[in-house]
There are 2 protein chains.
Amino acid sequence: MPANLSATRQIVVTVDVVLLTLRDGRLQVLLMRRENDPFAGQLALPGGYIHPQQDDDAGAAARRVLADKTRVRAPYLEQLYTYASGARDPRGWSVSIAFYALVSEQALRRTGREVFELLDADALPHLSFDHNRIIETALDRLRNKSAYSSLPCYLLPDRFTLTELQQTYEQVMGVPLEKSAFRRKLADLGFVEPVPGARQTGQHRPAQLYSLKAGARLAVFERPF
Amino acid sequence: MPANLSATRQIVVTVDVVLLTLRDGRLQVLLMRRENDPFAGQLALPGGYIHPQQDDDAGAAARRVLADKTRVRAPYLEQLYTYASGARDPRGWSVSIAFYALVSEQALRRTGREVFELLDADALPHLSFDHNRIIETALDRLRNKSAYSSLPCYLLPDRFTLTELQQTYEQVMGVPLEKSAFRRKLADLGFVEPVPGARQTGQHRPAQLYSLKAGARLAVFERPF
DNA sequence: GAAATAGTGTCTGTAAGACATTATAGG
DNA sequence: CCTATAATGTCTTACAGACACTATTTC
């Protein structure tokens with residue numbers, strides 16, 4: 001055991017989760033009001049201490065914290081980055097293992113509870129700790145990874161139309177896409193498949209419903225959309 | 001303060017560094033023999049505890065640990081992933097903020113000291129802790145990111161020929177590249193520039209030397225090589 | 001000139017962008 | 001019929017892959 005282990009004991013280890021969803025075509029972040037100091041009453045990401053007796057690993061801790069605080073079970077959760085410094089928490093040196101999660105607006109609504117707030121990710125007020133920076137990193141990751149993966153599917157419910165999927169990609173990446181090219185590439189990549197059923201939204205031809213193929217892994221492709 | 005802070009105090013926080021270099025056309029990892037238990041005498045990544053009084057943040061801790069243990073100053077250092085679980089260290093729940101670093105063989109040789117070993121990244125023996133897995137993640141990250149960025153440049157010395165750069169990309173990514181297309185793309189992307197001087201390696205025309213352009217940021221491009 | 005690698009030019013095939021056309025629903 | 005969106009087909013353009021050709025060095 002090293003002589004300086006006592007020093008390392010001063011380090012606090014937490015997990016924080018950036019939960020993102022798409023509502024009315026805009027990316028939104030789930031935030032909560034802090035009950036305790038520091039920053040009591042201010043908005044912050046859902047987060048908490050790791051419970052070594054309870055959590056097998058950091059991902060389990062993130063899922064537990066998210067479920068305990070918000071009742072949300074996100075279909076996609078990925079480690080984002082670890083923020084570790086003496087400056088980010090007024091109480092001293094601290095480590096936050098940050099995750100980001102994606103969930104559909106529909107699934108979020110189903111939790112019922114309104115212990116949290118959803119705010120536009122692009123127009124946030126000043127948040128507790130370095131949480132603004134953590135969210136920026138999450139948005140960068142989502143936008144970047146969306147260009148070459150099936151990630152945006154996790155912002156939609158289980159079944160969706162190709163137009164909804166295209167709009168989701170467009171809203172996340174911030175650029176318009178060509179319908180024909182988009183569908184050609186979807187067909188080539190083959191990570192979605194038609195499922196029985198259609199959706200009608202007006203006085204016109206209804207759209208075929210699709211869902212992610214059974215092999216639920218994240219599809220990653222060579223060239224971006 | 002939460003009631004379970006005492007529990008969080010049991011968590012040990014370390015940094016570990018996967019330092020990669022290219023020697024004789026093969027990716028190699030810097031490893032050291034552990035002096036203390038657990039795993040005394042076994043090979044492990046250079047790593048150590050965070051020193052809250054000394055390290056501003058995790059990156060600073062990684063640079064300090066690398067410099068202290070190996071005298072290496074790597075031109076590229078990036079946070080890789082955080083391994084945090086109750087299973088990875090026999091002493092209990094622990095957190096390792098892992099980094100990966102790139103350095104040229106020439107710069108590594110200049111350190112002189114041989115307190116470390118360099119082993120082929122693709123044929124490693126069983127290492128301490130979960131270090132095999134950490135190295136796998138580092139290799140995946142390097143290979144993936146090399147396909148769409150100027151990252152491999154950091155495996156070369158300051159000045160290099162375009163053939164050397166192409167071979168570096170090929171060795172990292174494991175696929176042959178077309179010389180003409182490679183150079184066309186380099187010219188388009190424009191992150192390297194010719195510098196005065198040439199290198200002659202045989203009885204033939206010498207090659208122009210190049211170096212990374214002054215704006216030393218990592219160049220990231222849309223489509224992979 | 002021969003040999004070897006540096007460096008450039010040209011053709012081709014593939015895939016994305018642009019845009020037109022057909023399909024199918026309700027009124 | 002008209003309207004609106006779904007879904008597909010076709011033409012063009014951009015770029016990567018393949019490969020030939022020229023350039024420059026030592027012997």
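The chains referred to below are lettered A, B, ... by the order of the sequence lines, with proteins before strands, and numbering in each begins at 1.
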Partners passing ring-ring contact (aromatic ring centres under 6.0 Å, His included) against B:F182 (at least two apart in sequence or in another chain): B:Y169, B:F225
Please list each protein N or O that sits under 3.5 Å from an N or O in nucleotides 12-16 of chain C, with the distance.
| residue | atom | partner | partner atom | Å |
| --- | --- | --- | --- | --- |
| C:dA16 | N7 | A:R184 | NH1 | 3.4 |

If you count every heavy atom of other residues, nucleotides or ligands that lies below 6.0 Å from A:D120 atom CG, does the total exceed 12? yes
Spacing between [X] atom [atom1] and [N] atom [atom2], to the nearest angstrom:
X	N	atom1	atom2	value
A:E164	D:dT5	CD	P	14 Å
B:Y169	D:dA16	OH	P	13 Å
B:L186	C:dT8	CG	P	12 Å
A:L165	D:dT5	CG	C1'	17 Å
B:E178	C:dT10	CD	C1'	14 Å
B:Q167	C:dT5	CD	P	11 Å
B:R183	D:dC19	CZ	P	18 Å
A:K179	C:dT22	NZ	C1'	11 Å

Using 4.0 Å as the upper bound for N to carboxylate O, is an ion pair formed by [Y] and [X]?
X	Y	answer
B:D68	B:R73	no
B:R223	A:E222	no
A:D16	A:K69	no

Would A:Y210 and A:F160 count as a close aromatic pair, with their ring centres under 6.0 Å? no
Test side-chain contact (heavy atoms from CB on, under 4.5 Å) applied to B:I134 and B:L127, step by step: CA-CA 10 Å; B:I134 297 178; B:L127 305 177; over 6 Å; no
Which class fits the ring pair B:F221 and B:F191: parallel under 30°, tilted 30 to 60°, perpendicular over 60°? parallel
Exercise: identify the closest heavy-atom pair between B:I50 and B:A61: CG1-CB, 4.0 Å
Does the base of C:dG9 carry an N or O that pairs as donor and acceptor with the side chain of B:S180 under 3.5 Å? yes
May I ask you to evaluate whether A:T163 reaches the phosphate of D:dT5, defined as a side-chain N or O under 4.0 Å from OP1 or OP2? no
If you take any heavy atom closer than 4.0 Å to DNA chain D, which residues from residues 195-211 of chain B end up in contact? B:Q200, B:Q203, B:H204, B:R205, B:P206
